[in-house]
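So the structure is just underneath, and the comments pick up after that.
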Amino acid sequence: MLQIDDVRVRIPVTGGRWVEAVGGVTLSVGSGEIVGLVGESGCGKSTLGGAVMGLLPSGSQLSGQVLLDGRDLRGLTAEEYRRVRGNDIALVSQDPSASLDPTFAVGAQVAEAIRNHRDIGRREARERAVELLRAVGIPDPGARYSDPPHRFSGGMKQRVVIAAALANDPSVLIADEPTTALDVTIQAQILHLLRDLTVRTGTGVLLITHDLGVVAQVCDRIAVMYAGQVVEQGTVRDVFADPLHPYTRALLDSQPAAHHQSGDLPVILGQVPDLTDPPAGCRFAARCARVHDRCTAAPPVVETRGGGRVACWLHDALPPVAQEAS
Amino acid sequence: MNPRLLFVLRRLGLTIPVLFVMSVVIFLIIRLVPGDPVRTMLGFRATPQSIAQVRAQLHLDDPLWMQYRDWVAGVLHGDFGQDFVSKAPLSELLAQRIPVTLEITLLSMLLAVAVGVPLGVRAAVGGRWARRLTEGFVVFGISVPDFWLGIMLVLLCAGTMMWLPPSGYVPFLEDPGGNLTYMILPVLTLAVAEAAYIIRTTRGAMLGVIGRPFIVYLRAKGTKERSIVYRHALRNAATPIATVIGIQFGVLLGGAIVVETLFALPGVGRLIVTAINQRNYPVVQAGLLVVATLFILVSLITDLVVGFIDPQVSDRGKS
């Protein structure tokens, strides 16, 4: 299982300045659990995924703890981290067309994922790869093993990427917008495939998305991210039924499905704060409908009824769970 | 049909019109050069009668299309015609000259690829020093003209140091060691610029590939960095690299003319230069035909290699 504890990521930008892409995130993904990480573009959710994979842009600074099955990944050497990637933690990224090497047969790319971590022969790796392709629903996998990626549709390519990611039964899978580049009809198929395969093997999934519909379909828990911080997390049922943070509420209200009768869709006014110089208090304060005096200070993180967490001054009567983000 | 086989057939089919157009251009271009071959042959004191007689013998009074037809018919039967001056059959002459030119150009290309591709990769993924050193070499290699470099190498290696013979040639089959000793300086002269272009292209192509998302995905699979660079990135960068190697082969053939003259090597290049001065049509035609065909062949091989490395290329235009 994956435990992320007070992780901060600073990425260098031009002019000797830094962007604080992730500003103190605490999050966990249990065995067989699917956790949805939602937020707008640029809120740091993909950077958090990169921090877990050890694939941040060069020069980035990472602090806090990333524990995988109790082992801190931050102290690993490059070679140790390589052995973890694709073996204990795997990645499925946004655009399957861009994820696969266009010059290699798809089957070989799945076999490579196995041979990166297991000392087995080519024949055996090939047989396993064919089985994996069959498991993700590639028709006639033996014959299609040798086909290059461009002879597959987007959905089929994403199935190949998933086959390669799950090749070594990882503890945790980071799925970074795995269906964004796909047709709507294919999205549901891929999501259900992901859920079926990971539940069976007990792989925990951190599903990064901006689509609350996706979260509602397949996730057990949800974490809502805003400007580099998780503002609220809890079970999908609790958070969708009774969102405590004003940002979560605004996000849910701006979903088309919730408002199919009325005409105008509510929008969240204003812009995401500049993360080269993040505001001292609550980062959502400038756009919040319920902002008040205390929001100039960092909000307390408190525990909600269902074991969730919310970081907002409106709920400071609830019991605190952690030191406030400073 | 198998897409790769189809790709090979289609590419072979494209070569035929290219060969045809090339032969027409070669045939016409030497005839566009001012100066008459018969006057050059017979000298200033030739009588109009003798000139007319020789012209008729050489079929130079036939219409151009007829001369072209006779020439192509001969070439297709392996008969390149006769040397105007020495009257020797050209097929034998070419059989002696072609191996020399091929040896220089192929050895230079081999050396340039063997040095250029790994250095280009290091320049793209290596540290600051690897980048600076290769950049320096690239600027030097591209800027320095081959005749100057050749002369400097002769002065240094053959003159001052007396390591190597300054010029000359023995056929490989007579004395392999001696042959290679004579080849060192000409091949070095040609390979430096060639390697510089290959380094520059390899570096650029590799940098383009290294930034692509699938490289991140390969890291996420736990692929070793070595394998990412040499198996995946280099294979994706192979198309521009192979293309430049193919085009540079044409430049090498041009450079061979300079180098053969400089090092007194009996190759096709020197043959052409001498023949042009004499307006020796059959020799110029045959020499150019050989050189141009070599280049077309290398382009063909380049394209086939690219098609096999990158399945997207061989699949293109299929549907």
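In what follows, chains are A, B, ... by sequence order, proteins preceding strands, each numbered from 1. These numbers come from the heavy atoms of this one structure, side chains and all, not from hydrogens, waters or symmetry mates.
Annotation: residues 81-88 of chain A contacts chain B through A:R82, A:R85, A:G86 [non-hydrogen atoms, separation under 4.5 Å]. Of all residues in residues 211-232 of chain B, those placing a non-hydrogen atom less than 4.5 angstrom from a non-hydrogen atom of chain A are B:R212, B:P213, B:F214, B:V216, B:Y217, B:L218, B:R219, B:A220, B:K221, B:G222, B:T223, B:K224, B:S227, B:R231, B:H232. Below 4.5 Å, heavy atoms of chain B meet no heavy atom from residues 35-51 of chain A. Residues of residues 158-167 of chain A lying under 4.5 angstrom from chain B, judged on non-hydrogen atoms, are A:V161, A:A164, A:A165 by number.
Counting heavy-atom pairs closer than 4.5 Å to chain B, the top residue among A:I89, A:D101, A:L91, A:L55 is A:D101. Taking A:L100, A:D95, A:T103 one by one and counting their heavy-atom pairs under 4.5 Å with chain B, the maximum is reached by A:T103.
In this structure the side chain of B:Q312 never reaches within 4.5 angstrom of the side chain of A:P148, judged on heavy atoms.
In this structure, no portion of A:Q94 lies under 4.5 Å from any heavy atom of chain B.
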